[in-house]
Amino acid sequence: MAELDRSGSKPPSSTPDSDSLLRRLAGPSVNKAGLAKDQTEINRIIAEVSKGSKFYENEKRKDRELTLRIERILRLRDEAVQGVDLNKVEQGVDKLIAQLEAKRDLSQAIVHVDMDAFFASVEVLDNPELASKPFAVGQGVVSTASYEARKFGVRSGMATFVAKRLCPELIVLPSHFDRYSEMSSRVMSIFRRYDPTMCVAGCDEGYLNITRYCDEHSISPEDCVTQMRRIVQEETSLTVSAGIAPNKMLAKICSDKNKPNGQFKLEFEPEAIKAFMHDLSIRKVPGVGRVNERLLESIGIKTCGDIFRQRAVLSLLDKQFGLEFLLQAYLGIASNVVQPGQREERKSIGAERTFNALSDPAKIYAKLEEVATELEHDMVEEGWTGKTVTLKYKLNTFEVHTRAKSFDRWISTRKEDLFAIGQELLKPELPLTLRLIGLRVTKLKDLKAEAESKARGIKRFFGSASSTGSPQKKRRIEGPQADQDDEDHDHSPRLSQDGFAISMPGYDEDIETDLADASASHGAEPETSLYRHPTAKPKSSSGTPSHSLLSTPSSSKGPSLPPSTSPPRMGKHSPLVLNDSNPFGTSSSALECPICSRMLETDNDGLNAHIDFCLSKQAIKEAQAASLQTAVPSKAAANAEERGAGLLKYKKKG
DNA sequence: GCGGATCAC
DNA sequence: TATGGTGATCCGC
Ligand SMILES: Nc1ccn([C@H]2C[C@H](O)[C@@H](COP(=O)(O)OP(=O)(O)OP(=O)(O)O)O2)c(=O)n1
Ligand SMILES: [Mg+2]
């Protein structure tokens, strides 16, 4: 019954290398697949090798702050519990549980597919001798490691010199993003045969709803996935693991169950699902990272089953942890809506670079110019402009800071202008010693969409033949079920989870004050907002549970829960799959170009290339020019910049 | 709107 | 000797 767990109450004394710090140093991917011999020994080595470095000191600082945060939460808990009938509180929570349970939908077969050691597997394709050898991809930092290397404790995100200490024979390879991107596209197009509306969630993973496919082909979900995985291996020589469950969160967790080249299907039964979640580490829940794992551990929660045991406390600390989000995890309930990501869902574009610490302003500005050049290239190439520029810099102590500036109009994407804005933001901070500098533009405007709509009044179309709800309804997506909070509005609009949650905030920005653009703003897409509902898709990027599980000192107010996800898309470098990112439909064999209407016999890459051609730089330039006519290069730019009120003239790079 | 934090891949 | 890059969300101001 209502019983507090004060055991974990005492924050671990942060003595030299507390258990917490050791785990922190081990990195965010420690608990991933690839069983290591002795994690404790590995952690010891990592700490030993890291000790004394700036990086290590910074991790120690963050660990101390986290410890203080835990102390605050425990005090908060103890105060909240005073004079409260915990049994009563539990009864209230139990009502909520009943409501959530009523929303459980087991009618859809959702699959999460995830390539095995992706970058590493692609490297093996190009050099078969690597198979069975311990190797890692990534220079300064490991992007991923072969399963052989994982046995030694090598993990994503780990410094390569640390990895070599753990595995002296480790082979370290440079990255080949173009190859990963190419293989990603191929694999995704195979998955799309099973669900044309699949949601790409990163360069190597995605979600599919195979309910329809299984019906039409009279095949079981398991056989379907077994066949799909076999075909991927036959056609690409890459192995993929998969999870089959009633919703995205469960499917993702399941895809990790039999990780290297395996699959796992969860029983579609409430009791079986709850049993599955009961002993599952809370850390396995998408959206719960290292920090929230520790915060929850401090109040006696390590597994999803503990969520129920501590439900009274969680109810009292709702603001800090997000009760509903955790209860859904406990129940194994989440969204089962699978929809492709949309290009317009992108919310930012940026570039950043790490270098040997610099203090000389001239040299720092030189680095800033480099990132500005890169950013200009990407923005022009992909057709974006925006209204806010954020400068990011990391001190040689690894402390990260950001400085932003917003404009009334769409900014110029010329590198000189981006640089000038960044310089303006950095100058007042200056005497600094930096190891990284970056620029990011947000509040984006999609110039390709503009070019497209100008080219003709095209509408959005991507849907699969039958798609369910037409995007015409005003709100609510109505997929198979869930994703939007049906009825019961109220609750806090919070929870949104990584796209797994069921309810969501209904914000829809779309502000688009349209200063500069009047035309296409979006007059032709009433449904835009609908598609971008925060809910659904998980993505490669995603937010954090922020409020959800975390909290900050005193006050707090909002909702909780992990955020919703965002569009698929891999990094610039990282491969990527402009597939789902482009506003033009799905891919398959015979595709119709949304611009010229010609039927093309090609795959996604081919279609994308063709579309780019159709939209042509000309069309984009026109759009960009139109925007720039009113864009503001920024005063700084005017100064540092050459002649004329830099208006158009954008184009320049090739 | 800004800055810091957290998370994912 | 040495610890990446891209993108998203959320909270408190
Ligand atoms: N911190 C990280 C994590 C991942 N990746 C890249 C390299 C991975 O190959 C790819 C996919 O990430 P996964 O988390 O799916 O890891 P892997 O596919 O490598 O291994 P697994 O078999 O565990 O899925 O993303 C990266 O660059 N940096
Ligand atoms: Mg993978």
Side-chain angles (χ1 to χ4, degrees), chain A residues 25 27-29 32 46 49-50 53-56 58-59 62 65-66 69 114-115 118-119 138-144 156-165 175 177 201-205 252 286-293 295 319-320 322 345-354 356 371 374 378 387-388 390-392 394 398-406 435-436 438 440 442-443 494 496-499 505 534 538-576:
Chain A
L25 285 170
S29 303
K32 285 244 175 179
I46 293 174
V49 177
S50 305
S53 69
K54 295 264 187 3
F55 178 82
Y56 173 83
N58 186 246
E59 290 300 295
K62 290 196 288 188
E65 289 176 3
L66 181 53
R69 192 167 151 192
D114 187 323
M115 305 304 294
F118 190 53
F119 289 8
Q139 338 199 21
V141 167
V142 175
S143 280
T144 195
S156 292
M158 178 178 283
T160 52
F161 77 90
V162 171
K164 281 215 163 194
R165 210 60 81 101
S175 305
F177 298 111
C203 66
D204 87 322
E205 61 186 88
K252 182 168 177 61
V288 175
R290 287 184 297 170
V291 171
N292 287 304
E293 174 187 34
L295 293 180
K319 299 286 207 271
Q320 281 68 41
E345 287 177 5
R346 180 181 258 224
K347 294 180 173 57
S348 76
I349 181 168
E352 60 189 57
R353 202 58 57 200
T354 289
N356 290 320
V371 299
E374 258 187 56
D378 294 344
K387 286 184 178 173
T388 298
T390 300
L391 167 78
K392 172 182 176 179
K394 188 187 289 181
F398 284 87
E399 264 182 275
V400 176
H401 296 280
T402 58
R403 290 293 179 272
K405 181 172 173 63
S406 294
R435 72 174 345 263
L436 170 151
R440 181 162 295 275
T442 53
K443 290 185 188 58
R494 354 166 108 147
S496 111
Q497 221 302 8
D498 237 357
K539 21 282 53 359
S540 60
S541 49
S542 67
T544 171
S546 316
H547 164 79
S548 18
L549 309 184
L550 38 136
S551 71
T552 57
S554 32
S555 65
S556 71
K557 66 168 164 224
S560 34
L561 262 236
S564 50
T565 62
S566 43
R569 146 179 319 303
M570 307 189 63
K572 175 188 342 177
H573 281 307
S574 330
L576 181 83

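Chain A is the first sequence line, chain B the second, and so forth, proteins listed ahead of strands; every chain is numbered from 1.
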*State the dot-bracket string of DNA chain C. Criteria: Watson-Crick or G-U wobble, both atom distances under 3.5 angstrom; notation: ( ) intrastrand, [ ] crossing earlier pairs, | interstrand, . unpaired.*
....|||||||||
*Who pairs with A:E399 by side-chain contact (heavy atoms from CB on, under 4.5 Å), at least two apart in sequence or on another chain?*
A:N58, A:R61, A:L395, A:T397, A:H401
*Provide the distance between the two C1' atoms, one in C:dG4 and one in B:dC7, to the nearest whole Å.*
16 Å
*asked:* On DNA chain C, compare the nucleotides closest to A:V49 and A:R440; which residue's is nearer the 5' end?
replied: A:V49
*For A:K164, answer base if it contacts any base atom (sugar-phosphate contacts may also be present), sugar-phosphate if it contacts only those atoms, and nothing otherwise; contact means non-hydrogen atoms under 4.0 Å.*
nothing
*Those residues that, when tested against A:R165, pass salt bridge (charged side-chain N to carboxylate O under 4.0 Å, His left out) (two or more places apart)*: none
*asked:* Looking only at the side chain of A:S53 (C-beta and beyond, no hydrogens), which of the listed nucleotides C:dA8, C:dT3, C:dT6 gets closest?
replied: C:dT3
*Of all the choices, B:dG4, C:dG5, C:dG4, which nucleotide is nearest to the side chain of A:E352 once you look at every atom?*
C:dG5
*Go through the structure and list residues passing salt bridge (charged side-chain N to carboxylate O under 4.0 Å, His left out) with A:K164, not counting sequence neighbours.*
none
*Could you work out which one of C:dT3, C:dT6, B:dC9 sits closest to the side chain of A:A159?*
C:dT3
*Looking only at side-chain atoms of A:V141, point me to the closest of C:dT6, B:dG3, C:dG4.*
C:dG4
*In whole Å, what is the span from the NZ atom of A:K54 to the C1' atom of C:dG4?*
19 Å
*Polar pair under 3.5 Å, donor/acceptor by atom type, side chain A:S50, base C:dT3*: yes
*Which whole-number value in Å describes the distance from A:I349 CD1 to C:dG5 P?*
16 Å
*Measure from the side chain of A:V291, starting at C-beta and using heavy atoms only, and say which of B:dC2, C:dA2, B:dC7 lies closest.*
B:dC7
*Who passes side-chain contact (heavy atoms from CB on, under 4.5 Å) against A:T354, sequence neighbours left out?*
A:R435, A:L436
*asked:* Could you check whether A:K394 pairs with A:E352 (Lys NZ or Arg NE/NH1/NH2 to Asp/Glu carboxylate O, under 4.0 Å)?
replied: no
_Taking salt bridge (charged side-chain N to carboxylate O under 4.0 Å, His left out) as the definition, give me every residue that meets it alongside A:E59, ordered by chain and number, with sequence neighbours left out._
A:R24, A:K62
_From the set C:dG4, B:dG4, B:dG1, return the single nucleotide nearest to any side-chain atom of A:T402._
B:dG4
*A:T160 near the nucleic acid: base, sugar-phosphate alone, or nothing, with a heavy-atom cut-off under 4.0 Å?*
nothing
